[in-house]
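The structure displayed is predicted, hence computed values, not measured ones. Atoms within each ligand, like the ligands themselves, are counted from 1 in listed order. Throughout, numbering of the chain's residues begins at 1 and tracks the sequence.
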Amino acid sequence: MNGPLTHGAHSVLSPASGQAEAIVVLWWVMLAVSVLVFLAVMAALALGAWRARRPGTQALSEAASRRLVLAGGVAVPLAVLIALVLGSVRTDLAGADDRVPGARIVVEVTGWQWWWAVRYLDADGATLAITANQIHVPVGEPVRVLLRSGDVIHSFWVPNLRGKTDMIPGIVNAAAYEATRAGVYRGQCAEFCGTQHARMAFELVAQPREDFDRWLAQQRAPAAVPEPGRAAEGRRVFDRDCANCHRVREAGEGFWPQGLGPDLTHVASRRRLGAATLPNGPAHLAGWIADPQGAKPGVHMPPVPLEPGELKAVVAYLMALE
Ligand code: CUA
């Protein structure tokens with residue numbers, strides 16, 4: 001599945017779920033109240049300045065001044081702030097229930113510096129598929145999402161779908177996500193987690209159930225057997241130079257406990273590379289392998305010094321892993 005992001009795909013103002021709609025209502029209410037308060041304060045300032053310049057203006061009595069300060073400086077701000085806090089807490093509570101009765105799949109996302117490991121589990125907790133940096137969900141169905149961290153504190157945020165949830169080492173946070181509108185939405189780490197925090201992004205694809213089932217079946221399948229020739233040579237290079245950190249799951253092999261780098265079993269089916277840093281394709285993949293630090297300085301992937309023929313071969317191998 002290629003193509004651009006959905007219009008407005010990284011915006012809290014373009015909600016694609018019930019929770020995001022509640023947040024956007026709160027956002028507009030807060031903006032409107034803030035504008036009204038600002039205008040009222042400016043009007044009071046202008047009135048004061050105008051009265052002060054008018055000849056013969058009497059100063060307010062001390063009692064009247066005190067009443068004005070207590071009302072305008074204490075009572076009204078207190079009432080406005082309490083109302084906004086209550087609205088905020090109400091919005092928060094409305095999205096706090098992470099139970100999804102009868103959920104057929106659970107998506108477990110683990111934040112790593114600076115990418116996202118994604119594991120699909122069935123109702124009994126058995127692994128269905130492992131992928132990275134791209135999350136698919138069926139549209140119109142609640143999905144239970146478990147959020148973990150493998151190293152430092154990250155924060156999982158898909159602005160179109162709901163607010164941020166921290167990913168904390170040693171803790172599993174759960175949330176229910178339900179996309180009401182099909183689309184491709186951008187997600188972003190929202191907690192500073194090191195040099196490449198800004199390029200710790202992912203894409204969330206909300207799609208009709210049939211398309212989702214097809215995608216999940218594809219991700220569950222083992223990797224394609226490389227064609228003899230260049231791709232088969234690429235697999236040898238991969239085993240020699242890449243397989244310490246990355247895994248390609250072949251027929252007859254089980255799922256891997258999480259490793260150092262993203263699982264690449266179906267890397268060619270992904271839209272982007274390097275945690276949504278680069279478009280996916282042979283040229284970008286070759287550039288990424290040869291010089292990951294150029295695209296993402298500080299990334300934990302070292303440059304891989306390959307002969308030009310070896311680089312072409314490993315790219316041919318990986319790009320056949322649909
Ligand atoms: Cu992970 Cu910021």
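- Less than 2.8 Å away from atom 2 (Cu) of ligand 1, the protein contributes these N/O/S atoms: Cys189 SG, Glu191 O, Cys193 SG, His197 ND1.
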Side-chain atoms of residues 305-320: list all donor-acceptor pairs with protein atoms under 3.5 Å, sequence neighbours left out, distances to 0.1 Å.
{"residue": "Glu310", "atom": "OE1", "partner": "Arg240", "partner atom": "NH2", "Å": "3.3"}
{"residue": "Glu310", "atom": "OE1", "partner": "Glu307", "partner atom": "N", "Å": "3.1"}
{"residue": "Glu310", "atom": "OE2", "partner": "Arg240", "partner atom": "NH1", "Å": "3.1"}
{"residue": "Glu310", "atom": "OE2", "partner": "Arg240", "partner atom": "NH2", "Å": "3.2"}

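- A heavy-atom distance below 4.5 Å is found between the side chains of Arg144 and Asp98.
- Residues passing the side chain to side chain donor-acceptor pair (under 3.5 Å) test with Arg214 are Asp211, sequence neighbours excluded.
- A distance-only check finds no donor-acceptor pair linking the side chain of Ser88 to the backbone of Leu84 [under 3.5 Å].
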Would you list the atom pairs, donor with acceptor, under 3.5 Å between side chains in residues 247-254 and any protein atom, with sequence neighbours excluded?
{"residue": "Arg247", "atom": "NH2", "partner": "Glu253", "partner atom": "OE1", "Å": "3.4"}
{"residue": "Arg247", "atom": "NH2", "partner": "Gly254", "partner atom": "O", "Å": "3.2"}
{"residue": "Arg249", "atom": "NH1", "partner": "Arg220", "partner atom": "O", "Å": "3.3"}
{"residue": "Arg249", "atom": "NH2", "partner": "Gln219", "partner atom": "O", "Å": "3.3"}
{"residue": "Arg249", "atom": "NH2", "partner": "Arg220", "partner atom": "O", "Å": "3.2"}
{"residue": "Arg249", "atom": "NH2", "partner": "Ala221", "partner atom": "O", "Å": "3.3"}
{"residue": "Glu250", "atom": "OE1", "partner": "Arg235", "partner atom": "NH2", "Å": "3.1"}
{"residue": "Glu250", "atom": "OE2", "partner": "Arg235", "partner atom": "NE", "Å": "3.0"}
{"residue": "Glu253", "atom": "OE1", "partner": "Glu250", "partner atom": "N", "Å": "2.7"}

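- The pair Arg186-Glu203 fails the salt-bridge criterion, with no side-chain N (NZ, NE, NH1 or NH2) lying under 4.0 Å from an Asp/Glu carboxylate O.
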